[in-house]
Amino acid sequence: MESFKSLKKICILGCGGFIGSHLVERLLSKGGYSIIGLDITSEKIKSFVNAKNFSFHSVNIFDTEKVYKWIKECDTVISLVALCNPSLYNTIPLDVIESNFTKPLNTVKACLELKKRIIHFSTSEVYGKTQQALLKEKIKPDNNNAYILNEDHSPMILGSIHAQRWTYACAKQLLERTIYAYGFEKGLHYTIVRPFNFIGPRMDYLPGIDREGVPRVLACFMSALLQNKPLQLVNGGKNRRCFTYIDDAIDALIRILDHPEVCDKQILNIGNPGNEVTIAELASLMIELYRELAPTESKNHPQTQIISSQDFYGSGYEDSDRRVPDNTKIEQLINWKPFTGLKDALRKTITSYIKGYSTIKEACRGKKK
Ligand code: NAD
Ligand code: UGA
């Protein structure tokens, strides 16, 4: 039997979200960790919230004193708390800056003071637009290297201040720079990760089903499919993303967690360069798979519809044209490679949403009776 002393003690801030819920679930099934989880919600972790070696606390990260108290009890802090849906960046920019810079900065300071290691979640959005987007004519389209984003060399290009889409990327980047400086000047032990569009079950929420709003693209498309509405392609869906399956991402995170020395003071991309698609291609693939997985529900032939970014997000929205992770460093340091292809990732994700939605529908029918 594991004694409490032999367990690695981890504090996960934002454990109730998409990534946090998968991370906690995997750590509990792997064993060897004692987890303190903090979040304002536990909806996505309700099936294991009372598990052994996991203690959940409903805490707002804005409550610095309580957060400090829990950080004190662990060896490593994993900092996930954020507002991270693009529909918020230009509509509530102050909250976005506060939740991605000002408040998590207190977490970083607490880790420095208490001499705790921090694994901080940044984003592939810090790369912003690619050079190719600005120099369309000058770089040959077949020069794919122009799109590959390296943690230690690629420039980071954000739009003007009016383009409030970049409040999130800018706040995340400033916190990265602050963490880096704390490492440089004061010896903070950290690893910064830059996720590239993770997808999987439990991502965001389904507008019109769970709650209202505009989540990230996977949830927008899933919600449209389940409700027989058109999948909306912002500005035609020409921009590209590399979608990374959550299970692969969690593999990477656990290796980072378990290799503190080699990952110390590193910034690491976590992404799947083999899963690159345009958003229009993503929509077509999801429609195809939904037809295969829910043939009776999809008999009305789901459609796509083009919408302007102004109509979808409002003013101040801009986009990243393309972002492909350079995985050289993460592969060399911790021998991690993603292995789930896009079709497989979407099949698993769509299946889980269909199952969840049928449970919701049954519950509604039960209430009406
Ligand atoms: P998420 O929105 O599902 O999870 C964030 C969690 O933080 C939520 O459970 C939320 O309740 C919690 N939270 C928000 N404000 C809080 C507060 N004031 N106090 C306590 N808890 C609070 O997001 P996610 O997709 O799991 O992302 C986690 C982290 O990874 C974020 O920092 C995000 O910027 C980063 N990231 C995610 C992706 C991705 O593909 N999912 C990509 C790039 C970066
Ligand atoms: C996201 C978010 O900023 C963060 O969650 C995260 O940090 C970041 O990705 C990342 O992976 O690093 P983005 O990829 O733009 O950014 O967000 P999505 O909502 O997933 O949108 C992807 C693309 O789909 C965008 O071009 C968007 O305009 C488009 N889209 C979105 C549609 O065409 N239709 C929709 O219904 C929703």
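Atoms within each ligand, like the ligands themselves, are counted from 1 in listed order. Worth knowing before you read on, the calculation uses all heavy atoms, side chains too, and leaves out hydrogens, waters and symmetry mates. Model, not experiment: these values are computed from the prediction.
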S.K.: Relative to the heavy atoms of F121, which atoms of ligand 1 are at a distance of less than 4.0 Å?
M.R.: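 Near F121, the atoms of ligand 1 are 29 (C), 30 (O), 32 (O).
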S.K.: Polar-atom distance check: P195 versus ligand 1, any N or O pair below 3.5 Å?
M.R.: no
S.K.: Checking the N or O distance criterion of under 3.5 Å, is ligand 1 in contact with G20?
M.R.: no
S.K.: How far is atom 4 (O) of ligand 1 from the closest protein heavy atom, and which atom is that?
M.R.: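 In this structure, atom 4 (O) of ligand 1 has G17 CA, 3.4 Å as its nearest protein heavy atom.
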S.K.: Go through ligand 1 atom by atom and flag the ones less than 4.0 Å from a non-hydrogen atom of I61.
M.R.: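 Near I61, meaning under 4.0 Å from one of its heavy atoms, ligand 1 has 17 (C), 18 (N), 19 (N), 20 (C).
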S.K.: Using distance alone, determine whether D204 and ligand 1 share an N or O pair under 3.5 Å.
M.R.: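 Not met; the criterion fails.
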S.K.: Would you indicate which of K238, Q305, E125 comes nearest to atom 16 (O) of ligand 2 when only heavy atoms are counted?
M.R.: E125
S.K.: Which of the numbered atoms in ligand 1 are under 4.0 angstrom from any heavy atom belonging to V59?
M.R.: 19 (N), 20 (C)
S.K.: Tell me whether R194 reaches ligand 2 (any heavy atom closer than 4.0 angstrom to a ligand atom).
M.R.: no
S.K.: So which bit of S122 gets within less than 4.0 Å of ligand 1, heavy atoms only: side chain, backbone, both or neither?
M.R.: backbone
S.K.: May I ask whether F198 has any heavy atom positioned less than 4.0 angstrom from an atom of ligand 2?
M.R.: no
S.K.: Does any donor atom in the side chain of D251 or Y245 lie under 3.5 Å from an acceptor atom in the other side chain?
M.R.: no
S.K.: By number and element, which atoms of ligand 1 are closer than 4.0 Å to a non-hydrogen atom of L80?
M.R.: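 Numbered from 1, ligand 1 contributes 28 (C), 29 (C), 31 (C), 32 (O).
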S.K.: Please confirm whether L83 comes within less than 3.5 Å of ligand 1 when only nitrogen or oxygen atoms on both sides are compared.
M.R.: no
S.K.: Which of these, S79, S58, A82, has its nearest heavy atom closest to atom 5 (C) of ligand 1?
M.R.: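 Shortest heavy-atom distance from atom 5 (C) of ligand 1: A82.
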S.K.: What part of V234, side chain from CB on, backbone N/CA/C/O, both or neither, has a heavy atom under 4.0 Å from ligand 2?
M.R.: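 Both of them.
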S.K.: Are a donor atom and an acceptor atom from the side chains of N197 and R323 found within less than 3.5 Å of each other?
M.R.: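 Yes, R323 and N197 have a side-chain donor paired with an acceptor closer than 3.5 Å.
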S.K.: Below a 4.0 angstrom heavy-atom separation, can you tell me which part of N197, side chain or backbone, both or neither, approaches ligand 2?
M.R.: both
S.K.: Should the proximity of Y313 to ligand 2, defined as any heavy atom under 4.0 Å, be assigned to the side chain, the backbone, both, or neither?
M.R.: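 For Y313, the contact with ligand 2 is made by the side chain alone.
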S.K.: What is the nearest protein non-hydrogen atom to atom 15 (N) of ligand 1, stated with its residue, atom name and distance?
M.R.: V81 CG1, 3.7 Å
S.K.: Check contact between P195 and ligand 2, using heavy atoms of the residue and a distance below 4.0 angstrom.
M.R.: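 P195 counts as a contact of ligand 2 under the 4.0 Å cut-off.
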S.K.: Could you tell me if R165 and N90 have a donor-acceptor pair between their side chains, going purely by distance under 3.5 Å?
M.R.: no
S.K.: Can you check which of S124, C84, G14 brings a heavy atom nearest to atom 2 (O) of ligand 1?
M.R.: C84
S.K.: So which bit of P86 gets within less than 4.0 Å of ligand 2, heavy atoms only: side chain, backbone, both or neither?
M.R.: side chain
S.K.: Please verify whether a non-hydrogen atom of M222 lies at under 4.0 Å from ligand 2.
M.R.: no
S.K.: Counting from 1, what ligand 1 atoms have a heavy atom of F62 closer than 4.0 Å?
M.R.: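 Near F62, meaning under 4.0 Å from one of its heavy atoms, ligand 1 has 18 (N).
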S.K.: Between H22, M203, R216, flag the one that comes closest to atom 25 (O) of ligand 1 by a heavy atom.
M.R.: R216
S.K.: Which atoms from ligand 1 have a heavy atom of Y168 less than 4.0 Å away?
M.R.: 33 (C), 34 (O), 44 (C)
S.K.: For atom 24 (O) of ligand 2, which of the options T244, I279, L88 provides the nearest non-hydrogen atom?
M.R.: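 It is I279 whose heavy atom sits nearest to atom 24 (O) of ligand 2.
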